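Just so it is clear, the model here is predicted, and its values are computed rather than measured. So you know, we letter chains A, B, ... as the sequences are listed, proteins then strands, and number each from 1.
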There are 2 protein chains.
Amino acid sequence: MGKRNTIQRQLVIAAVRTLENHPTAEEVYNCIVTEYPDISKGTVYRNLNSLVETGLLNKVAVPNGADRFDHILARHYHIECTNCGAFSDVDTEYLEDIDLKIANSTKYKMDNHDIVFRGVCPKCQEILKQQGH
Amino acid sequence: MGKRNTIQRQLVIAAVRTLENHPTAEEVYNCIVTEYPDISKGTVYRNLNSLVETGLLNKVAVPNGADRFDHILARHYHIECTNCGAFSDVDTEYLEDIDLKIANSTKYKMDNHDIVFRGVCPKCQEILKQQGH
DNA sequence: TTCTAATTAAGAATGATTATCCGAAAGAGG
DNA sequence: CCTCTTTCGGATAATCATTCTTAATTAGAA
């Protein structure tokens, strides 16, 4: 009973920490497979989810895209570039008050909320400008 | 050039309006197929997406679940019950100001944002209470 | 060292969605 | 009305992300 600390498990969490920017399971797999070619994709998925359960990683469910895994555990928001798809953290405090507000109006026992912002990142703004608007 | 107003297209939009509570493509298909058995699932998907493009429907991308289609066009938020999975509208005004705030801090050209709240719905709170705790 | 439950690799299976194919039907123009 | 062009529909194959299955392997307790 309990979780076994396998090599694969160590490689998975190390990869998420190395890749930093919320890698997808696919990206984690690609990272590991270069130095440990025997790992299988199912193992990566299983370990990612088990690490989320244990509380060592966060899962970010991205609408219309693969799930992403985050080694930053504090609650925070994300922003997605509508042009290049880049997916980044937003550095703002968590809005506790809107949970309270919604709890009152909906009578739900509120847990938390996610916000995904969407817009064009600075880099893509440049590129689009050069292509003539 | 231009969209043809086919029977299938009419059935799709009518079904979304009848079903009201952001049906999935599957639910729309099931609704239509009872009175028009020849319709194919691909056609439902194609028309749903085309209606979204035209601006007659909204698509709600649900994390870890099938996309949902909404005939209410005003921007609004959603809340998901962590117990039964119910997915509902939240009746609150759109928070314009946080887009501005994030635009300033990230230098993104902001488009919009989605908020998904999570908590236990009143119905499930009752059920959980009766089961002790 | 031995034992056993947890974990693995490989690949099949799943669920949601999109792509492909080809024939049908609708609108434009004669 | 008759063609021509284009869009659209139905059937089904393909894709993508993910989970499941199976038999073999392994970590860690005894």
Side-chain angles (χ1 to χ4, degrees), chain A residues 1-16 19 22-54 56-70 78 80 85 87 116, chain B residues 1-16 19 22-54 56-70 78 80 85 87 116:
Chain A
M1 191 166 290
K3 311 270 184 186
R4 267 162 46 181
N5 192 29
T6 61
I7 296 163
Q8 292 86 346
R9 186 180 179 81
Q10 290 166 32
L11 289 169
V12 166
I13 193 159
V16 176
L19 292 167
H22 341 79
T24 61
E26 183 80 24
E27 287 163 352
V28 172
Y29 171 78
N30 289 334
C31 172
I32 297 172
V33 84
T34 59
E35 49 179 304
Y36 192 90
D38 273 358
I39 200 159
S40 97
K41 214 171 271 187
T43 301
V44 172
Y45 275 98
R46 193 172 353 88
N47 276 303
L48 283 170
N49 285 321
S50 132
L51 288 162
V52 169
E53 261 178 49
T54 316
L56 291 170
L57 294 179
N58 267 346
K59 184 191 276 202
V60 186
V62 181
N64 297 320
D67 289 349
R68 291 171 174 277
F69 295 86
D70 200 336
H78 296 95
E80 189 181 25
F87 195 85
V116 178
Chain B
M1 189 166 290
K3 311 271 184 186
R4 272 166 37 187
N5 192 29
T6 61
I7 296 163
Q8 292 86 347
R9 187 180 178 79
Q10 290 166 33
L11 288 169
V12 166
I13 194 160
V16 175
L19 292 168
H22 352 75
T24 60
E26 183 79 23
E27 287 162 352
V28 171
Y29 172 77
N30 289 334
C31 172
I32 297 172
V33 84
T34 58
E35 48 179 306
Y36 191 90
D38 273 356
I39 200 159
S40 99
K41 215 172 269 186
T43 301
V44 172
Y45 275 100
R46 195 172 343 96
N47 277 303
L48 283 170
N49 285 321
S50 131
L51 288 162
V52 169
E53 261 178 49
T54 316
L56 291 170
L57 293 178
N58 266 346
K59 183 191 274 200
V60 186
V62 181
N64 299 319
D67 289 350
R68 291 171 174 275
F69 295 85
D70 201 334
H78 295 96
E80 188 182 26
F87 194 84
V116 178

Main chain of B:I7, side chain of B:Q10: is a donor-acceptor contact present, judged purely on distance under 3.5 Å?
no

Using a heavy-atom cut-off of under 4.0 Å over every strand shown, decide if B:Y36 touches base, sugar-phosphate, or nothing.
sugar-phosphate

Angle between ring planes, B:H22 versus B:F87, binned at 30° and 60°: parallel, tilted or perpendicular?
perpendicular

So if I apply the side chain to side chain contact (heavy atoms under 4.5 Å, CB included) rule between B:V16 and each of B:N47, B:L11, B:L57, which one comes out positive?
B:L57

Taking OP1 and OP2 of D:dG9, is either one under 4.0 Å from a side-chain nitrogen or oxygen of B:N47?
yes

Atom OG1 in A:T54, atom NZ in A:K3: separation rounded to 0.5 Å?
4.5 Å

Within the 4.0 Å limit for protein heavy atoms, which parts of nucleotides 11-20 of chain D are touched? Write it as a string from 5' to 3', B for base, S for sugar-phosphate only, - for none.
B-----SBB-

B:I39 and B:V44: CA distance, side-chain angles, deciding distance, side-chain contact (heavy atoms from CB on, under 4.5 Å) verdict
CA-CA 8 Å; B:I39 200 159; B:V44 172; 4.2 Å; yes

Working to the nearest 0.5 Å, report the span between CD1 of B:I13 and CG of B:L56.
4.5 Å

What's the separation between atom CG in B:L48 and atom CZ in B:R9, rounded to the nearest 0.5 Å?
10.5 Å

Distance, rounded to the nearest Å, where A:L11 contributes CG and C:dA9 contributes C1':
14 Å

Whole angstrom value for the distance that separates C1' of D:dA27 from CD of A:Q8
11 Å

Of the candidates D:dA27, D:dC8, C:dT8, the side chain of B:T6 sits closest to D:dC8

To the nearest Å, how far apart are A:I7 CD1 and C:dA6 C1'?
15 Å

Nucleotide C:dA9, atom P - distance to CZ of A:R9 in whole Å:
14 Å

Any N/O pairs under 3.5 Å between the protein and nucleotides 23-26 of chain D? List them or say none.
unit_1: D:dT26; atom_1: O2; unit_2: A:R4; atom_2: NH1; d: 3.2
unit_1: D:dT26; atom_1: O2; unit_2: A:R4; atom_2: NH2; d: 3.1

From A:N58 atom CG to A:L51 atom CG, the distance as rounded to the nearest 0.5 Å:
11.5 Å

Output the distance between atom OG1 (A:T6) and atom CZ (A:R46), rounded to the nearest 0.5 Å.
8.5 Å

Just the rounded figure in Å: distance from C1' of C:dA9 to CD1 of A:I32.
14 Å

Establish, with yes or no, whether the OP1 or OP2 oxygen of C:dT8 is under 4.0 angstrom from a side-chain nitrogen or oxygen of A:T43.
no

In whole angstrom, give the distance that lies between atom NZ of A:K3 and atom P of D:dA27.
17 Å

